[in-house]
Amino acid sequence: METTASSLAFGGLETSEKLSAGQIEEKVNELLAQLSLDEKIGLMDGDYPFWEGFHEMMGGGYGDHPWVAGEIKRLGIPGIRFADGPRGVVLQGATTFPVSMARGASFDTELEERVGDVIGKELRALGGNFFGGVCINLLRHPGWGRAQETYGEDTYHLGEFGAALSEGVQRHVMACVKHYALNSMENARFIVDVKADPRALNEVYLAHFKRVVEAGVASVMSSYNSVNGEWAGQNKELLNDILKEKWGFDGFVMTDFMWGMRDAKKGALGGQDLEMPFQNLFYRGLKQLVEQGEVPLARIDDACRRILRQQIRFAQGRNPQDYTPEVVASPENRQLAREAAQKSIVLMKNEGDLLPLKDVKRLAVIGRLANIPNTGDGGSSRTKPAYVVTPLQGLQEAFGQEAVTFADGQDAEQAAQLAQAADAAVVVVGFTHEDEGEYSPRKRDARVLSILPEPPTPLAAAILDALREGKPRPGQKGGFSPGGDRERLSLRPEDEALILKVVAANPRTVVVMMAGSAVIIEAWRQQVPGIVMLWYAGMEGGRALADVLLGQVNPGGKLPCSFPASPGQLPFFDREAEEITYDMWHGYRKMARDSATPAFPFGFGLSYTTFDYANLRLASSQIGQDGTLEVTVDLTNTGKVKGDEVVQLYIGVPGSKVERAPRELKAFRRMTLEPGETRPVSLRVPVKNLAYYDPAGGWTVELGEYTAIVARHAHDEAALQASFQVS
Ligand code: BGC
């Protein structure tokens with residue numbers, strides 16, 4: 001169980017210079033030639049005996065150290081040293097950023113790359129060499145419990161963010177993109193079979209993974225669920241045929257933890273390279289399968305090559321001085337967490353220019369969530385920061401302790417009185433890890449339990465029994481919080497009642513929401529002049545909120561998911577489904593197709609300034625299939641303060657012979673403009689990105705007319721449009 005935390009974590013593979021691809025392959029072959037079959041198989045799973053590992057990890061030790069797979073000391077092979085994310089490294093003391101959904105709202109991939117850079121650096125300083133937190137599953141329905149771990153509902157946007165995070169992280173350590181694929185529901189993740197036809201699969205659910213693979217990500221984590229009838233962790237079509245053969249992925253695949261593969265032979269033959277994090281199916285069965293000729297040795301060698309290649313690739317050309325303990329949660333890193341939170345905040349409503357708050361001598365801060373550390377999920381993504389600045393603390397710091405009064409809102413009457421006595425009120429409402437997050441059922445499905453090894457000790461037997469019966473496990477401390485798919489799309493009734501009571505007492509009321517995805521707010525949104533989406537904003541979130549409410553920072557975040565006006569605008573969702581079909585229709589694509597009007601559209605967000613769009617022009621309106629569309633628009637900040645705007649380019653294909661979304665996002669760019677400043681903004685889209693997936697012929701670019709739509713959000717009726725031809 002011992003884990004050595006070295007400052008560089010790449011052991012004997014370290015080289016000071018960069019190796020060429022050819023030199024890396026030579027080194028891979030050299031190492032492979034020295035490995036016995038047992039050692040090779042040892043590269044392909046975690047280094048911990050199952051039950052001991054399980055007891056430690058699930059007993060609260062999850063974030064205590066990186067989890068090691070395939071260390072071979074005699075050859076200086078360090079193994080994979082895994083620690084999770086995505087809102088920062090989960091090890092003690094690392095910087096906690098806003099959750100991915102919040103960062104998705106920044107629409108700022110340069111910022112995301114900087115976040116990745118810090119995560120990679122901190123992880124390496126903490127003894128890890130592998131970051132498990134690039135989560136890009138598509139938000140199909142806002143009820144998904146782990147919505148906060150991903151970036152939003154749009155395939156293109158997800159791919160850009162996943163690529164940016166991976167590129168930042170991979171300046172220092174290996175990154176893993178997850179969960180491949182179609183993992184967009186939580187409670188049923190271990191049992192559900194998700195069906196998708198080839199278009200939905202390739203265009204909507206896989207294209208963003210392809211993007212991150214093309215950006216050079218070292219590893220892909222398969223998901224727990226089944227896809228079109230086979231578990232993703234042993235799904236040959238997904239792992240071998242699409243990922244490795246079609247996309248040319250030369251990194252390694254790993255299972256999701258503990259329950260991510262059901263059968264060693266199917267796994268190995270399907271393209272699974274690494275079973276995480278304990279010794280289980282590969283450990284017990286792979287050697288015999290090879291000896292009996294059921295799994296070719298060449299497949300084992302291929303898996304080992306993939307694992308070694310990435311370890312060698314990342315062990316080069318770094319300076320140990322860059323990874324001292326002081327880099328962990330350094331002042332600059334915490335400042336970046338604050339910047340990320342500022343840029344993630346979405347101003348959803350600001351009637352009468354209530355914000356930024358002016359002439360406020362006394363501020364009432366109200367709500368159950370106003371003064372608790374609320375950084376998100378309590379499962380595998382839970383971080384352990386040294387502190388969390390709550391909204392109340394941030395506002396007290398900014399306004400002065402004496403100027404701020406606080407009520408937790410349990411007594412709505414008292415809260416209303418406080419609001420009435422103040423110049424303005426801020427009500428902080430929403431969700432916590434109790435309402436939404438990763439879900440680990442206490443009682444395990446028999447199909448899942450059947451993959452476990454025999455318990456070798458009475459303790460292990462007692463754990464198994466507890467899993468079977470759904471009882472607390474022996475020695476269980478901490479563990480996951482309830483989480484799961486969110487049961488409610490709107491706020492709790494008592495929060496809604498509190499909001500209405502407070503705004504009745506003081507019309508200068510701002511509602512600040514904390515949540516991992518969209519919330520239905522029809523019950524109160526017309527009555528409240530100011531609405532701010534804070535998400536789960538990380539360790540510096542309270543300060544960032546104060547920065548925005550006071551106008552130190554002008555908000556420029558945009559919603560990365562549609563906020564529906566009613567559940568009827570969403571696709572079918574069943575938390576407990578054992579079978580479900582994902583089609584091409586969800587989020588803004590579905591709402592636009594159905595002519596449904598969301599409460600707040602994808603891409604929407606206000607600012608303290610205003611922007612004007614003019615002079616849409618195309619570099620050329622006749623483009624070849626291998627060409628690139630280039631769209632330019634003049635953006636002017638027409639208000640009185642500096643501000644950020646996200647210019648969004650959607651494409652429509654009016655005469656398409658296949659059914660398409662009326663508009664699809666294909667490029668975006670966040671710009672900062674001084675008051676009165678005009679800047680030309682250019683967006684480029686390779687025409688190959690406009691292809692649809694034809695089940696018979698693969699990716700197909702249609703010839704004919706397309707529309708370039710430069711918009712403020714997905715449903716912007718005042719968008720500028722221009723036609724072009726692909727020929
Ligand atoms: C989660 C993964 C995570 C893994 C290891 C699993 O339960 O689904 O996202 O990376 O645990 O922490």
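Ligands are counted one by one from 1 in listed order, and the atoms in each one are counted from 1 as well. Computed from a predicted model, the values in this text were never measured in an experiment.
- F82 and F257 have their aromatic ring centers within a separation under 6.0 angstrom.
- Looking at every heavy atom in both residues, E275 comes nearest to L281 through OE1-N, 3.0 Å.
- For an aromatic pair to be called close, the ring centres must be under 6.0 Å apart, and H157 with F107 satisfies this.
- When each atom of ligand 1 is checked for a heavy atom of Y62 under 4.0 Å away, the hits are 5 (C), 12 (O).
- In this model, a donor atom of one side chain and an acceptor atom of the other lie less than 3.5 Å apart for N333 and E122.
- Residues Y323 and H172 place their aromatic rings such that the two centres sit under 6.0 Å apart.
- Residue contacts with ligand 1 leave out M258, since none of its heavy atoms falls under 4.0 Å from the ligand.
- The closest approach between any non-hydrogen atom of E149 and ligand 1 is not below 4.0 Å.
- Remark: aromatic rings of F252 and F130 are close, center separation under 6.0 Å.
- If you number the atoms of ligand 1 from 1 as listed, the ones under 4.0 Å from a heavy atom of K178 come out as 2 (C), 3 (C), 9 (O), 10 (O).
- Note: W144 and F573 fail the aromatic proximity criterion, with ring centroids not under 6.0 Å apart.
- Against a heavy-atom cut-off of under 4.0 Å, M221 is close to the following atoms of ligand 1: 10 (O).
- Residue-ligand proximity: W67 is placed with every non-hydrogen atom at 4.0 Å or more from ligand 1.
- Shown in contact with E438 at under 4.0 Å from a heavy atom are these atoms of ligand 1, numbered in order with element: 1 (C), 6 (C), 7 (O), 8 (O).
- Using a 4.0 Å cut-off between heavy atoms, R382 makes no contact with ligand 1 at all.
- Interface atoms of ligand 1 facing D84, defined by a heavy-atom separation under 4.0 Å, are 3 (C), 4 (C), 5 (C), 10 (O), 12 (O).
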